[in-house]
Amino acid sequence: MNLPPQPRKPYVADPSRYEKNMPYRRCGKWGLPLSALSLGFWWNFGDDETYSSCHRRVTTAFDNGITVFDLANNYGPPFGAAEEMMGRIMAQSLHTHRHEMVITTKAGHDMWEGPYGDGSSRKMLMTSINESLSRMGIDYVDIFYSHRYDGVTPVEETMQALVDIVRSGKALYVGLSKYPADKLVEALAYLRDAHTPCIVYQDKSNMLVDNLTSAHREALEKYGVGYTAFSPLQQGLLTDKYLNGIPESSRAANDKHLHRSDITPELVAKLSRLNDIAAERNQTLAQMAVAWLLRDPSVTSVIIGPRTMSQLMSLLPAIENTNFNDTEESLITSILNA
């Protein structure tokens with residue numbers, strides 16, 4: 001990647017950023033609060049994006065009270081590019097605000113070639129944290145996640161690697177993501193006994209798909225762990241984008257994480273009914289989808305992944321109304337369960 005161009009004007013953080021009504025919620029019983037909205041980098045801050053676009057979205061999020069920036073070693077495209085982009089934005093503009101930010105990253109999915117570039121082994125995690133810190137140009141991350149249980153590596157091996165990463169000062173806290181409930185319980189117990197507790201768990205949750213089972217909830221409550229939800233809009237389905245057909249520029253039209261076959265008449269009818277409820281609440285469907293997650297007190301933060309400034313600005317108002325009356329709750333639940 002070429003070095004990014006200099007912004008026309010030096011970035012100066014909005015002095016009223018903590019007056020934007022952004023709620024901050026503690027991770028379960030632990031002391032670290034997260035902004036109710038987190039900015040997720042996933043596949044929207046890579047080499048196919050301009051530096052100026054990424055810089056503007058990151059700094060605008062920060063100016064609006066978002067303090068959590070969610071990355072992973074293989075976010076891009078290509079793998080590693082999102083962390084490199086974050087590193088450039090940090091060096092250019094946000095380095096003086098590092099103590100106000102919660103920067104998270106993860107390892108556990110495919111990252112480099114060969115037998116050691118995938119999975120949850122100690123070698124994979126230890127190598128990944130060093131490379132992630134190098135790409136971002138920072139000394140530590142606030143939360144380092146095991147990105148998944150790989151089905152092969154013993155939980156104790158992965159957890160001890162996380163413990164050692166925290167004890168080395170390369171991460172302040174441990175997080176876990178996408179673990180089966182039984183392995184999550186095993187992992188939480190190991191980390192508790194190692195006096196390096198997991199403070200937050202991450203998985204996919206939205207109105208259409210929720211991977212947070214009752215068994216997961218029970219484990220998180222028992223160990224006092226917070227929860228961050230990703231994919232709140234289910235790849236754009238929970239917006240008004242598909243209510244009147246499939247736009248040619250959409251993910252479904254381009255087979256990018258969605259397919260045309262996913263947009264069924266039954267789904268469109270369901271989305272249309274939800275959209276009507278959102279309108280009655282003076283929200284867009286996307287705002288209501290985010291608010292629906294935030295209504296749950298066990299949810300610490302919802303990770304949004306805007307590809308454009310307009311998407312970012314349209315989602316920020318979701319925090320303004322996260323209360324649902326009994327009628328709304330009942331009607332939405334019946335639509336989702338139909």
Side-chain angles (χ1 to χ4, degrees), residues 1 27 34-35 37-49 54 57-58 61 66-90 101-113 116-138 140-151 153 158-159 161-162 165-166 170-179 184 187 198-205 211 226-232 235 256-257 300-307:
M1 295 176 67
C27 290
L34 305 182
S35 50
L37 298 181
S38 299
L39 185 68
F41 278 57
W42 192 45
W43 223 235
N44 297 324
F45 290 82
D47 283 1
D48 56 347
E49 299 287 337
C54 295
R57 276 176 282 154
V58 170
I66 293 178
T67 56
V68 183
F69 300 87
D70 182 84
L71 296 103
N73 60 353
N74 66 345
Y75 287 179
F79 295 165
E83 289 182 331
E84 290 178 356
M85 183 68 75
M86 184 59 171
R88 290 168 179 166
I89 295 170
M90 287 296 297
M101 304 169 67
V102 171
I103 299 176
T104 81
T105 196
K106 316 176 196 74
H109 281 290
D110 184 33
M111 181 59 192
W112 62 82
E113 294 182 359
Y116 314 117
D118 193 7
S120 304
S121 70
R122 179 181 180 86
K123 180 174 176 62
M124 205 286 181
L125 268 59
M126 289 295 190
T127 304
S128 289
I129 185 62
N130 290 332
E131 292 192 344
S132 290
L133 294 178
S134 177
R135 281 189 288 268
M136 290 189 280
I138 55 180
Y140 69 94
V141 292
D142 295 274
I143 303 172
F144 186 64
Y145 285 89
S146 170
H147 208 163
R148 63 165 178 145
Y149 170 67
D150 65 9
T153 307
T158 305
M159 295 308 108
L162 295 174
I165 286 168
V166 169
K170 295 175 182 178
L172 301 185
Y173 299 97
V174 168
L176 300 173
S177 178
K178 300 184 297 187
Y179 271 56
L184 175 62
C198 171
I199 69 163
V200 64
Y201 179 71
Q202 183 179 124
D203 214 326
K204 175 185 285 191
S205 286
N211 291 340
Y227 180 63
T228 58
F230 67 80
S231 198
Q235 304 300 331
K256 188 177 181 181
H257 311 298
T300 309
S301 187
V302 173
I303 301 169
I304 59 173
R307 292 184 294 114

TODO: Just jot down the ring-ring contact (aromatic ring centres under 6.0 Å, His included) partners of Tyr201, sequence neighbours excluded, or say none.
DONE: His216
Task: Closest contact, heavy atoms only, Pro78 versus Asp47 - done: CD-OD2, 3.2 Å
Task: Ser38 side chain to Asp70 side chain, donor-acceptor N/O pair below 3.5 angstrom - done: no
- [ ] Could you check Thr127 against Met111 for side chain to side chain contact (heavy atoms under 4.5 Å, CB included), going step by step and ending with a plain yes or no?
- [x] CA-CA 11 Å; Thr127 304; Met111 181 59 192; over 6 Å; no
Task: Reported CG-to-CG distance for the pair Asn74 and Asp110, which is rounded to 0.5 angstrom - done: 7.5 Å
Task: Atom pair CE/CG of Met159 and Leu125 - distance to nearest 0.5 Å - done: 8.0 Å
- [ ] Report yes or no: does Tyr227 contribute a side-chain atom to a donor-acceptor pair with the main-chain N or O of Asp203 at less than 3.5 Å?
- [x] yes
Open item on the list: Measuring only between side-chain heavy atoms, which start at C-beta, is Val68 closer than 4.5 Å to Asp142?
Closed with: no
- [ ] Without swapping roles, check the side chain of Arg307 against the backbone of Asn44 for a donor-acceptor pair under 3.5 Å.
- [x] no
TODO: State, with a plain yes or no, whether a side-chain heavy atom of Ser146 is found less than 4.5 Å away from one of Tyr179.
DONE: yes
- [ ] Spell out, as yes or no, whether a donor-acceptor pair under 3.5 Å connects the side chain of Ser120 to the backbone of Thr158.
- [x] no
Open item on the list: Distance check, rounded to the nearest 0.5 Å: Tyr145 atom OH versus Tyr173 atom OH?
Closed with: 12.5 Å
Open item on the list: Suppose we screen for side-chain hydrogen bond (donor to acceptor under 3.5 Å, both in side chains). Which residues come up paired with Thr105, at least two apart in sequence or across chains?
Closed with: Glu83
Open item on the list: Any non-hydrogen side-chain atom of Lys170 less than 4.5 Å from a side-chain atom of Val141?
Closed with: no
- [ ] Applying side chain to side chain contact (heavy atoms under 4.5 Å, CB included), run through Lys204 and Phe230 and close with a yes or a no.
- [x] CA-CA 5 Å; Lys204 175 185 285 191; Phe230 67 80; 3.5 Å; yes
Task: Pairwise side-chain contact, Val166 with Phe144, heavy-atom cut-off 4.5 Å (strictly under) - done: no
TODO: List the steps, then state whether side chain to side chain contact (heavy atoms under 4.5 Å, CB included) holds for Lys178 with Gln202.
DONE: CA-CA 7 Å; Lys178 300 184 297 187; Gln202 183 179 124; over 6 Å; no
- [ ] For Lys106 and Asn73, indicate whether the former's side chain and the latter's backbone hold a donor-acceptor pair under 3.5 Å.
- [x] no
TODO: Would you mind reporting whether Phe69 and Met101 have side-chain heavy atoms less than 4.5 Å apart?
DONE: yes
TODO: Find out whether Ser177 and Thr228 are in side-chain contact, i.e. whether some heavy atom of one side chain is under 4.5 Å from a heavy atom of the other.
DONE: no
Task: Reference residue Thr104; test side chain to side chain contact (heavy atoms under 4.5 Å, CB included); the match among Ile303, Leu34, Ile143 - done: Ile143
- [ ] Kindly indicate, with the supporting measurements, whether the criterion side chain to side chain contact (heavy atoms under 4.5 Å, CB included) is fulfilled by Phe45 and Leu71.
- [x] CA-CA 10 Å; Phe45 290 82; Leu71 296 103; over 6 Å; no
Task: Non-hydrogen atoms of Ser121 and Asp150 that approach each other most closely - done: N-OD2, 4.4 Å
Task: Nearest-0.5 Å distance that lies between atom CG in Leu37 and atom OG1 in Thr67 - done: 10.0 Å
Task: Interatomic spacing from NE2 in His109 to OG in Ser128 - rounded to 0.5 Å - done: 12.0 Å
TODO: Give a yes or no on whether the backbone of Cys27 and the side-chain of Thr300 come within a donor-acceptor separation of less than 3.5 Å.
DONE: no
TODO: Over all heavy atoms of both residues, which pair between Ala107 and Met124 is shortest? Give the atoms and the distance, please.
DONE: CB-SD, 4.1 Å
Task: Exercise: identify the closest heavy-atom pair between Ala61 and Leu39 - done: CB-CD2, 4.1 Å
Task: Heavy-atom pair of closest approach, residues Pro77 and Ala81 - done: O-CB, 3.5 Å
Open item on the list: To the closest 0.5 Å, what do you measure between CD (Glu131) and CH2 (Trp112)?
Closed with: 5.5 Å
TODO: Identify the two heavy atoms, one from Arg135 and one from Gly80, that lie closest to each other, and give their separation to 0.1 Å.
DONE: CD-O, 3.4 Å
